[in-house]
Number of protein chains: 2
Amino acid sequence: MIDREFFLGFIKIHILYHAVKGPIYGADIAAELARHGYTISPGTLYPTLHRLSREGYLESETRVVEGKMRKYYRATGEGKRLLAASRRKIAELVAEVMEGI
Amino acid sequence: MIDREFFLGFIKIHILYHAVKGPIYGADIAAELARHGYTISPGTLYPTLHRLSREGYLESETRVVEGKMRKYYRATGEGKRLLAASRRKIAELVAEVMEGI
DNA sequence: TTACCGATATTGCTGGACGATATTATAGTA
DNA sequence: TACTATAATATCGTCCAGCAATATCGGTAA
């Protein structure tokens, strides 16, 4: 389905947004996205988190919660800047594509 | 750069939007996108137009203008529906990510 | 020490991204 | 009727992301 190409970026912006709001972990964000009608498979989610970390937008910390290992991610300063840039691009997209709606 | 992953979908929504507004052709839409600060290489643009056509969102017609061949694309009914769906998703994204801005 | 569980990590395949290059179709010129 | 120039489309090769399925990990409890 080609519409996946349209919206996968939206999912990534969601992830970054939540990582700015507070610490998130993989399974948690997957459930949050599902609440918004998005699905993301582990084979996409975890490599994406790793990539965002490798590029300096997220930082992670491992914690044990109820005997289960969780890797919490938070946005770095760079991550916050990327979210701000994303918001500007969204505003531009809205101005262009939503005109007269 | 990972932010390309964030915004390539935006570009595709732009393309669809312009194809709903009126006929477009490849080189034209590339210039239009450049005006908005986006770049798309021919190796991405043309396969994308083909894919959108193959999936029934665009239909094309070849015309000769000033001795140059142009392939004009217009959105089909399906394409219009996909744009409408895109607008709904954008609205959702705005509601989620732009809160308190 | 083992069985289990939630969570993360990885693998193999498919297909998109993209810069570079080739191809196409016509107009203009002689 | 060639030849050239030009603008646009099409394709090629390489790299890397998407993803479902599977494996692995870390810790608890029996």
Side-chain angles (χ1 to χ4, degrees), chain A residues 1-16 18-19 23-35 37-55 57-74 82, chain B residues 1-16 18-19 22-35 37-55 57-74 82 89:
Chain A
M1 291 293 145
I2 200 170
D3 66 312
R4 186 73 179 171
E5 294 176 29
F6 280 46
F7 304 122
L8 194 54
F10 288 24
I11 291 179
K12 292 177 183 177
I13 293 173
H14 261 283
I15 292 173
L16 182 60
H18 283 290
I24 57 169
Y25 63 98
D28 172 54
I29 194 73
E32 170 68 19
L33 288 168
R35 238 170 279 135
Y38 291 112
T39 60
I40 186 168
S41 72
T44 301
L45 175 59
Y46 290 105
T48 297
L49 290 171
H50 298 166
R51 214 155 53 244
L52 284 166
S53 299
R54 175 156 40 82
E55 309 245 345
Y57 299 110
L58 298 180
E59 57 191 6
S60 66
E61 174 201 357
T62 301
R63 289 187 229 159
V64 175
V65 178
E66 292 170 9
K68 303 303 173 318
M69 199 198 63
R70 289 182 186 170
K71 210 156 167 183
Y72 281 89
Y73 292 88
R74 290 202 320 268
L82 180 55
Chain B
M1 292 292 145
I2 200 170
D3 67 312
R4 186 74 180 170
E5 295 177 27
F6 279 47
F7 304 122
L8 193 54
F10 287 25
I11 292 180
K12 293 177 184 177
I13 292 173
H14 261 282
I15 292 173
L16 181 60
H18 284 289
I24 58 169
Y25 63 97
D28 170 54
I29 194 73
E32 169 67 20
L33 287 167
R35 239 170 278 135
Y38 290 112
T39 60
I40 187 168
S41 73
T44 301
L45 174 58
Y46 289 104
T48 297
L49 291 171
H50 298 167
R51 216 156 49 246
L52 284 166
S53 299
R54 175 156 40 83
E55 310 245 346
Y57 299 111
L58 299 180
E59 58 192 4
S60 66
E61 173 201 358
T62 301
R63 289 186 229 160
V64 176
V65 178
E66 290 168 12
K68 302 304 173 315
M69 199 198 64
R70 290 182 184 171
K71 210 156 166 182
Y72 281 89
Y73 291 88
R74 291 201 320 267
L82 180 56
K89 296 258 195 194

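Numbers restart at 1 for each chain; the letters A, B, ... are given by sequence-line order, proteins then strands.
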A/Asp3 atom CG is separated from D/dG18 atom P, nearest whole Å, by 15 Å
Please give, in whole Å, the distance from D/dA20 C1' to A/Leu45 CG? 14 Å
Side-chain N,O (B/Lys71) to OP1/OP2 (D/dA10) below 4.0 Å: yes
Check the phosphate of D/dC19 against A/Arg4, side-chain N and O only, distance under 4.0 Å to OP1 or OP2. Yes or no? yes
5'-most contact on DNA chain C: A/Arg70 or A/Thr44, nearest heavy atom basis? A/Arg70
Specify the separation, in whole Å, of atom CZ of A/Arg54 and atom P of D/dA17. 7 Å
Length of the line joining B/Tyr38:OH and C/dA17:C1', which is rounded to integer Å: 17 Å
Is there a side-chain contact between A/Ser41 and the phosphate of D/dG18, meaning an N or O under 4.0 Å from OP1 or OP2? no
B/Lys89 side chain near A/Tyr38 side chain, heavy-atom distance below 4.5 Å: yes
How are the rings of B/His18 and B/His14 set to each other: parallel, tilted or perpendicular (split at 30° and 60°)? parallel
Of all the heavy-atom pairs spanning B/Leu58 and B/Ala19, show the shortest one and how long it is. CD2-CB, 3.6 Å
Touch class at under 4.0 angstrom, heavy-atom based, for B/Leu49 against every strand present: nothing
Can you figure out which of D/dG18, C/dC5, C/dA17 approaches the side chain of B/Glu5 most closely? D/dG18
Among C/dA9, D/dG27, D/dT9, the one nearest B/Tyr25 by side-chain distance: D/dT9
Side chain of B/Met69 - closest among D/dA8, C/dA17, C/dA25: C/dA25
Which listed nucleotide (D/dT9, D/dA10, D/dC19) is nearest to the side chain of B/Ala27? D/dT9
Heavy-atom nearest nucleotide on DNA chain D for A/Lys12 versus B/His50: which residue maps closer to 5'? B/His50
Whole-Å gap separating P (C/dA17) and CZ (A/Phe6): 11 Å
What's the closest nucleotide to the A/Arg51 side chain, out of D/dG18, C/dC5, D/dA7? D/dG18
May I ask you to evaluate whether B/Tyr46 reaches the phosphate of D/dA10, defined as a side-chain N or O under 4.0 Å from OP1 or OP2? no
Side chains of A/Tyr72 and A/Arg74: is there a donor and an acceptor less than 3.5 Å apart? no
Classify the nucleic acid contact of B/Ile40 as base, sugar-phosphate or nothing, counting any heavy atom under 4.0 Å across all strands shown. nothing
With a 4.0 Å cutoff (strictly under), does any side-chain N or O of B/Lys68 reach OP1 or OP2 of C/dG28? no
Closest to the 5' end of DNA chain C, once B/Thr48 and B/Pro42 are matched to their nearest nucleotides, is B/Thr48
Atom OH of A/Tyr72 to atom P of D/dG26: distance rounded to whole Å? 17 Å
If you look at every heavy atom in B/Ser53 and B/Tyr73, which pair is closest and at what distance? OG-CE2, 3.3 Å
Let me know the distance between CE of B/Met1 and C1' of C/dA17, rounded to the nearest Å. 15 Å
Provide the closest heavy-atom pair for B/Ile24 versus B/Ile15 in the form atom of the first, atom of the second, distance. CD1-O, 3.9 Å
